[in-house]
Amino acid sequence: DQLISQIAAGEVVERPSAVVKELLENALDAGSTQITVRLEEGGVKRIAITDNGRGIAPEQLPLALARHATSKIASLDDLENVNTLGFRGEALASIASVAAVTLTSRTADAPHAWEITGSHLATVTPSSGAHGTTIDVRDLYFNTPARRKFLKSEQTEFGHCADVVRRIALARPDVSFSLSHNGKTVDHWMVGEMAKRSAQILGDNFASARLSIDENAGPLRIHGYAGLPTASKARADGQFFYVNGRFVRDKVLMHAVRAAYEDVLHGDRFPSYVLALDLDPALVDVNVHPSKIEVRFRDSRAVHQFVFHAVQRALAQTSA
Ligand code: ADP
Ligand code: MG
């Protein structure tokens with residue numbers, strides 16, 4: 001069972017940034033408005049995430065670390081209509097099989113916090129701390145040296161972790177985030193408007209040369225900003241697309257946006273954008289891969305057309 005867990009863990013948490021992603025999604029699913037991420041040595045030595053969400057009751061703490069235990073899906077019907085970021089009940093069990101995990105939590109009505117260390121078999125003991133949850137992940141892959149060997153340098157792993165935090169923070173300006181590495185604060189974003197959060201993350205150039213998009217058609221809505229070429233940073237990672245709140249890198253969507261830019265601006269430089277597509281969860285399958293970066297639309301042609309025309313119309317304002 002331990003071996004199976006470790007193999008499954010390789011799929012779910014292939015590197016520190018994947019752990020950070022799973023833990024941030026859990027914090028958001030718990031309704032948190034304030035999230036702190038502390039990393040040491042690229043996340044390999046330590047990933048500690050504290051949130052102010054609804055917390056986990058002491059009798060639920062072992063379940064949280066058990067495999068295939070999720071509090072988010074009660075029936076197969078729910079699976080058609082996932083509106084939480086997590087639903088597999090796999091992440092914490094996987095992480096606990098390849099790292100030393102302490103989970104500390106306090107619900108709104110609890111007089112104090114409780115904690116559990118190691119696995120779902122361990123005993124829950126009283127602890128201290130504010131309302132919300134802290135998960136402390138140490139020594140990632142200490143017991144799977146083969147996997148540890150695949151990790152890159154500390155700076156590279158940290159860079160991947162920081163990318164994950166930025167992607168998630170960009171989608172949730174209603175939540176404050178802070179990120180530190182080896183004791184130094186790297187990023188800190190207060191609760192605010194999307195306009196401000198996107199300027200903080202994509203830079204002032206983006207803030208001064210972007211077009212707003214907000215369009216509906218039937219079950220589809222797209223909103224966000226399309227940057228003009230002058231807004232691009234000299235980096236290739238200014239493209240952010242979200243589907244129902246999840247960051248995705250989807251061929252259909254990327255193609256639609258690129259085609260709209262080419263159609264209107266004919267430029268060879270590919271500008272920055274932050275776009276969010278919201279649709280009925282029954283019309284999209286996010287269950288493609290554990291890392292959930294790709295999605296499958298029930299009608300990808302309709303989605304492509306909708307996105308293409310929305311971006312095209314926004315950009316056309318500039319040449320009008
Ligand atoms: P999933 O997110 O797919 O349900 P996880 O393994 O990520 O599975 O988490 C297991 C369970 O632990 C969740 O369903 C949730 O009940 C609980 N949990 C995990 N992290 C938190 C958190 N930060 N706040 C509240 N509950 C949490
Ligand atoms: Mg989860």
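Numbers for residues simply follow the sequence, beginning at 1. In listed order, ligands and their atoms are each counted from 1.
With a 4.0 Å cut-off on non-hydrogen atoms, E90 touches ligand 1 through its backbone and not its side chain. Only the side chain of A30 comes within 4.0 Å of ligand 1, counting heavy atoms alone; its backbone N, CA, C and O stay farther away.
Checking only distances, A91 does come within under 3.5 Å of ligand 1, N or O to N or O. Residue-to-ligand polar distances keep E22 apart from ligand 1: every N/O pair is separated by 3.5 Å or more. Close N/O approach between D29 and ligand 1 is not found [any backbone or side-chain N/O within under 3.5 Å].
A salt bridge links E40 and R46; the closest N-O separation between the charged side-chain nitrogens and carboxylate oxygens is under 4.0 Å. In this structure, D214 pairs ionically with R221, as a charged nitrogen and a carboxylate oxygen lie closer than 4.0 Å. Salt bridge absent: E193 and R197 never bring a charged side-chain N and a carboxylate O closer than 4.0 Å.
You'll find the side chain of S198 reaches within 4.5 Å of the side chain of L170, heavy atoms only.
Between V191 and V175, the closest heavy-atom pair is CG2-C, 3.9 Å.
Ligand-side atoms of ligand 1 in range of A64: 10 (C), 12 (O), range being under 4.0 angstrom from any heavy atom.
Cation-pi geometry between R167 and F247 is met: the NZ or CZ atom falls under 6.0 Å from the ring centre, inside 45° of the normal.
For atom 27 (C) of ligand 1, the candidate residues are I56, L65, I135; the nearest heavy-atom contact is made by I56.
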